[in-house]
Number of protein chains: 2
Amino acid sequence: MGFREDVRKVKALADENRLAIMLALQHGEKCGCVLLEELNITQPTLSHHMKVLCDSGLVASRKEGKWMHYSLSPEGISSYREMISGYVRCDCEKEETPSACCCK
Amino acid sequence: MGFREDVRKVKALADENRLAIMLALQHGEKCGCVLLEELNITQPTLSHHMKVLCDSGLVASRKEGKWMHYSLSPEGISSYREMISGYVRCDCEKEETPSACCCK
DNA sequence: TATATACATTTACACTTGTCAATATATAAA
DNA sequence: TTTATATATTGACAAGTGTAAATGTATATA
């Protein structure tokens, strides 16, 4: 079974601060120093969380001068949702009215 | 901020064995002893994972004699997907063609 | 009652993870 | 070059987590 990579992606969101970062980036790109002001964590801790999010593919980064700009990755988001959908769904396709299933 | 409960739900899937259990239950109800045969873990470990999944709401349990029958919870699945969608999405609603966004 | 089976709980341990202080690196400005 | 700013890395530590052995509990059967 090769769930290791999927577990890594799931774990990328298994933290309060990283959930907060995902919300903070929903309205567009932000640099690290701005995120740092919004979250009650130190700079090394933020740097650690951004690395986890970027490694998962959910967040993309762009360096400009001495600033790092972070933004949600459309491909990463799409891929993440599809991955989750593979595990969090029932077998309704074999039912009589699959389109009415809760998992849709 | 109150991400604690959401983090707990995310963490419910942040384990290889629990992902495997979600797949094993996709085709319908199974009792613990059957799951035990499919996974390479001991009985106490399975019991622990089932508790985590049930507490998250993703899995429902039903006791029948000395057997515990586990199944995916439609409500739990629906709720989980909605919760994830709240974090893993961009701000496309404010764009010109939100329906064409990757996050849909 | 005695025995067997299915499952839960307790306990202990190794491993992982989030955190911050200290330090390092890179870039821009004075 | 010197100084200030933004970020990354290292190291240490406490807390959390997955695991299995041992044990407990409930139910069914002989």
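Chain identifiers are assigned alphabetically (A, B, ...) following the order of the sequence lines, protein sequences preceding nucleic acid strands; residue numbering begins at 1 within each chain.
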What is the distance from [atom1] of [X] to [atom2] of [N], rounded to the nearest Å?
X        : N       : atom1 : atom2 : answer
Leu39(A) : dT19(C) : CG    : C1'   : 14 Å
Glu64(B) : dC7(C)  : CD    : P     : 11 Å
Ile21(A) : dG18(C) : CD1   : C1'   : 12 Å
Ile41(A) : dC20(C) : CD1   : C1'   : 11 Å
Asp15(A) : dT17(C) : CG    : P     : 11 Å
Asn17(A) : dT17(C) : CG    : C1'   : 13 Å
Arg62(B) : dA6(C)  : CZ    : C1'   : 15 Å
Lys63(B) : dA6(C)  : NZ    : P     : 14 Å

Salt bridge (charged side-chain N to carboxylate O under 4.0 Å, His left out) against [X], all qualifying residues, sequence neighbours excluded:
X        : result
Arg62(B) : Glu29(B), Glu64(B)
Lys9(A)  : none
Lys66(B) : none
Glu82(B) : none

field: Heavy-atom donor-acceptor pair, Ser56(A) side chain to Leu53(A) backbone, under 3.5 Å
entry: yes

Residue pair Thr42(B)/Lys66(B) against DNA chain D: nearer the 5' end by closest nucleotide is Thr42(B)

Taken to the nearest 0.5 Å, the spacing of Met50(A) CE from Asp55(A) CG works out to 11.0 Å

So, using side-chain hydrogen bond (donor to acceptor under 3.5 Å, both in side chains) as the criterion, who are the partners of [X] when residues are at least two apart?
X        : value
Thr42(B) : Thr45(B)
Ser85(A) : none
Tyr70(B) : none

The helix from dT1(C)-dA30(D) to dA30(C)-dT1(D): angle between terminal helix axes, five bp per end, to the nearest 10 degrees, reads 10°

Note to self: Under the rule for side-chain contact (heavy atoms from CB on, under 4.5 Å), what residues qualify as partners of Lys11(B), not counting sequence neighbours?
What the structure shows: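 Per chain and number, Lys11(B) pairs via side-chain contact (heavy atoms from CB on, under 4.5 Å) with Ala14(A), Val7(B).
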
| field | Under the side-chain contact (heavy atoms from CB on, under 4.5 Å) test, residues paired with Leu36(A) that sit two or more places apart | value |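 For Leu36(A) the side-chain contact (heavy atoms from CB on, under 4.5 Å) partners, ignoring immediate neighbours, are Gln43(A), Leu46(A).
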
Q. Between dT17(C), dC7(C), dT5(C), which nucleotide gets closest to the side-chain atoms of Met68(B)?
A.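 Between dT17(C), dC7(C), dT5(C), the one nearest the side chain of Met68(B) would be dC7(C).
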
DNA chain D contacts made by residues 43-53 of chain A, counting heavy atoms under 4.0 Å
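Nucleic-acid contacts, sorted: Gln43(A), Pro44(A), Ser47(A).
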
- Message: Reading DNA chain D from 5' to 3', where do the contacts with chain B start and stop? Cut-off is 4.0 Å to heavy atoms.
- Response: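 Extent of the interface on DNA chain D: dT17(D) to dA28(D).
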
Judged by nearest nucleotide, the residue sitting upstream toward the 5' end of DNA chain C, Trp67(A) or Arg18(A), is Arg18(A)

